[in-house]
Colleague: 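Pasting a structure here, questions to come.
Here the structure is a predicted model, which means the values were calculated and not measured. Here is the naming used below: chain letters follow the sequence lines, and residue numbers restart at 1 for every chain.
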Amino acid sequence: MEDALKTGIYGVVAEFDNATDITRAARKAKDAGYTKLDAFSPFPIEELSETIVERHTRLPWLVFAGGVIGCIGGYYLQYWTQGVAYPLNIGGRPYNSWVSFIPVTFECTILLASLVAVFGMFLLNGLPKPYHPVFNVPRFDLASRNRFFLLIEAADSKFDRQGTADFLRQQNAREVVDVDY
Amino acid sequence: MSTEVTRGTDDRIDQYPDKHVTEGGRAGEELDGYPPVIAPGHSFASVTDKIASLALRKRTPIGWLFAFFIAGSILQLLVLSIAYLLAVGVGVFGNNQPVGWAVPIISFVWWIGIGHAGTLISAILLLFRQSWRTSINRFAEAMTLFAVACAGLYPLLHTGRPWLAYWMFPYPNTMGMWPQFRSPLIWDVFAVSTYASVSALFWFVGLVPDLATFRDKSRHWIPRTLFGLGALGWRGSARHWHRYETAYLLLAGLSTPLVLSVHTIVSFDFAVSIVPGWHATIFPPYFVAGAVYAGFAMVLTLLIPIRVFYGLEDFITMRHIHNCAKVMLATGLIVFYGYIMEAFFAWYSANIYERAMMWNRMAGSYSFFYWSLILCNGIVPQLLWSKRVRENMFALFTIAMFVNVGMWLERFIILITSLYRDFLPSSWGMYMPTIWDLAMFVGTLGFFVVNILLFIRLLPIISIFEMRTLLPEAKVHPEEEHKVIEDKRQERGDTPASGGLLPATGD
């Protein structure tokens, strides 16, 4: 927030028209010591993500945990209802007839893991977020069509309004603009 | 191998002579004599604009209105039959002792099977890196959702008291009762509801980036707000894409065993009983194959007309049509093998009830339907061996229709011929569907088509962002790619040092 007051802007953004240029620019920005940068592209670019993302997401572990909870919870639901809360003798089977409990346990595992995968992904991404300063960039609606944008935030310690903009201009950018709050 | 290559991919192909083959064909590459997955000459902009223009248009095509009018009228039949069922009771259906399960359950199994192709295309083919899935996965997933919605109606209405359907779920209640988890019918509740939920989530996750495209392309504030709500503020950040792709792959991995389990559990509804003709270990695999078979037939039934009507030949190319036809042929052969094995088991088991059941199927009162089933599902699809037939849209559509009918007949045969003559001749009886049985089934066809039409009119029917990744220009230049990965590796070694040198952020 301090930086915003200092510069009055959220950051600067450079527009590129192909995947190779933005990947190269992101790489150079990293090399130049910028840390608060983000790239926006109309489709996932593995090389770009490898440059921007500091460490692999924790999501797989969360999904695994979701699956384990679903599995144990699903089995326990059946064990408790069939064996403790409401025991019924069905064809002389044991109350804890685990073979019959497999299908529902399996479905609960998948359901919980999938819910965590989807909602975990959105939450870790900070979505839903209807407003973001980058949407103030006039041509940003092309980020979902055919253009690529590289953002360097004003909060970056190395950020300098003129210097950073010049740096981005040298990276084969089509246009470099300020991002207002 | 590669006869036609678009600009920009040449060096890559020279460098890795086999890579383009294993990738399953990026845009513009013609493989094994089949056309590419996207016609040559497309760019990010043209792909986006073409697909978006199908929904983001002012005028609704006359053909769409006409189809909507017909399907909407048929939908009224469903509304009417549900209203009559609720007013009068389950007696409006033709099922009665000894045939307790009939057209509603047949239709349930038929619809749920159709849904399976969508998940197969979106999840299993993703795991196998089949890039041709990209232009049809969104559509097939939508088909799955609507088919599951149609399927879900039946068990609900078949209970006769749909307002008490929540009794099937485990919840603490004043009666102190819990569902009986040893019953396949409760497994079915969990399987189908999980399947519906996960399919809906998978579909929605795929839609989010495309809804962002629609948000950014709409000029009027109403669609922009609505698409914006759906897009959840998606802005295509590299960090977001990274988690998104992880989540998408995980969902595909979770959906794959799920889809196989759903029809397996549906088949348990039958196989766990001791009724002759149902009590068979072959049921799970043969039901799953039948589901995929029926699903691909429905995909072709819908895609062939839509592709022509909306001029989507560039995106849904002959390659897709060929592949769908081949999957249909392969699964059809598995299903046909299942029919032959059923007959063989009945004979080989030396069980008089199994043998009598099989004999009744082939020569009893419903033998016409049995032989129609063999014709529709076993004989007619053999035409797909011919490349000429696979290339003829009219022939392919007709074969798909045969399979649609055949799969319905399959469930009819399994249910009715096993039940109408059970162990005791004193309890034998014939079954005839009533007008309401048929009205409800035809009505769900209307419900399904109305949903498909609304989907086509309002949402991106092809996954736009995934189509972009198939274009040659989506590829980061190889040297750069190489450099980035190398640098990243070096950087990983240096991370602690460089991280330590940088001042804390936010000062």
Colleague: Is the backbone of B/F181 close enough, under 3.5 Å, to the side chain of A/Q82 for a donor and an acceptor to pair up by distance?
Modeller: yes
Colleague: What part of B/T213 lies closer than 4.5 angstrom to a heavy atom of chain A: side chain, backbone, both or neither?
Modeller: both
Colleague: Grab the two heavy atoms, one from B/A238 and one from A/V53, that are nearest each other, plus how far apart they are.
Modeller: O-CG2, 4.1 Å
Colleague: So which of B/G233, B/G236, B/G253 has the largest heavy-atom pair count under 4.5 angstrom toward chain A?
Modeller: B/G236
Colleague: Under 6.0 Å from the CD atom of A/E175, do we count more than 12 heavy atoms belonging to anything else shown?
Modeller: yes
Colleague: State the CG-CG distance between A/N146 and B/L471, to the nearest 0.5 angstrom.
Modeller: 11.0 Å
Colleague: Side chain, backbone, both or neither: which part of A/F148 has an atom under 4.5 Å from a heavy atom of chain B?
Modeller: side chain
Colleague: Chain B heavy atoms under 4.5 Å from A/R147: which part of the residue, side chain, backbone, both or neither?
Modeller: neither
Colleague: Hey, which of B/L201, B/D210, B/V198, B/I464 has the most heavy atom pairs under 4.5 Å with chain A?
Modeller: B/L201
Colleague: Would you say that B/W241 contacts A/I45 through its side chain, given a criterion of any heavy-atom pair below 4.5 Å between the two side chains?
Modeller: no
Colleague: With a 4.5 angstrom heavy-atom cut-off, which part of B/D49 approaches chain A: side chain, backbone, both or neither?
Modeller: side chain
Colleague: Compare every heavy atom of B/R182 with every heavy atom of A/P94, then report the nearest pair and how far apart it is.
Modeller: O-NH2, 3.5 Å
Colleague: Counting heavy-atom pairs under 4.5 Å with chain B, which one of A/T109, A/L124, A/D21, A/L59 comes out on top?
Modeller: A/L124
Colleague: Measure the shortest side-chain to side-chain distance between A/L77 and B/P170 over non-hydrogen atoms and say whether it is less than 4.5 angstrom.
Modeller: yes
Colleague: Among B/R235, B/H240, B/H242, find the one that has a side chain to side chain contact (heavy atoms under 4.5 Å, CB included) with A/N125.
Modeller: B/H240
Colleague: Do the ring planes of A/F43 and B/F44 sit parallel (below 30°), tilted (30 to 60°) or perpendicular (above 60°)?
Modeller: tilted
Colleague: Non-hydrogen atoms of chain B under 4.5 Å away: do they reach the side chain of A/Y79, the backbone, both or neither?
Modeller: neither
Colleague: Tell me, for A/L37 versus chain B, whether the close heavy atoms (under 4.5 Å) come from the side chain, the backbone, both or neither.
Modeller: backbone
Colleague: Quick check against the 3.5 Å criterion: does B/R468 have a side-chain atom that pairs as donor or acceptor with the backbone of A/R145?
Modeller: yes
Colleague: Chain A heavy atoms under 4.5 Å from B/L258: which part of the residue, side chain, backbone, both or neither?
Modeller: both
Colleague: As an exercise, state the distance from OG of A/S144 to CG of B/D216, rounded to the nearest 0.5 Å.
Modeller: 3.5 Å
Colleague: Report the residue from B/V208, B/T246, B/V205, B/L251 that forms a side chain to side chain contact (heavy atoms under 4.5 Å, CB included) with A/M121.
Modeller: B/V205
Colleague: Check each atom of B/P257 against the heavy atoms of chain A and say whether the ones under 4.5 Å are side chain, backbone, both or neither.
Modeller: both
Colleague: Is any side-chain heavy atom of B/Y244 less than 4.5 Å from a side-chain heavy atom of A/P44?
Modeller: no
Colleague: Inspect the surroundings of CZ in A/R139 and state if more than 12 heavy atoms from other residues, nucleotides or ligands are less than 6.0 Å away.
Modeller: yes
Colleague: Please state whether the side chain, the backbone, both or neither of A/W80 comes within less than 4.5 Å of a heavy atom of chain B.
Modeller: side chain
Colleague: Can you say whether B/I265 sits under 4.5 Å from chain A via the side chain, the backbone, both, or neither, judging by heavy atoms?
Modeller: side chain
Colleague: Under 4.5 Å heavy-atom distance to chain A, tell me which part of B/F204 shows up: side chain, backbone, both or neither.
Modeller: side chain
Colleague: Do B/W187 and A/S100 have side chains that approach each other closer than 4.5 Å (heavy atoms only, starting at C-beta)?
Modeller: yes
Colleague: With a 4.5 angstrom heavy-atom cut-off, which part of B/Q180 approaches chain A: side chain, backbone, both or neither?
Modeller: both
Colleague: Strictly distance-based, threshold 3.5 Å: is any side-chain N or O of B/R243 a donor or acceptor partner for the main-chain N or O of A/R58?
Modeller: no
Colleague: Report the C-alpha distance between A/L111 and B/S197 in whole Å, list the side-chain angles of each, state the deciding distance to 0.1 Å, and finish with yes or no for side chain to side chain contact (heavy atoms under 4.5 Å, CB included).
Modeller: CA-CA 8 Å; A/L111 183 64; B/S197 318; 3.9 Å; yes
Colleague: Does B/W178 use its side chain to pair, donor to acceptor, with the backbone of A/A85 at less than 3.5 Å?
Modeller: no
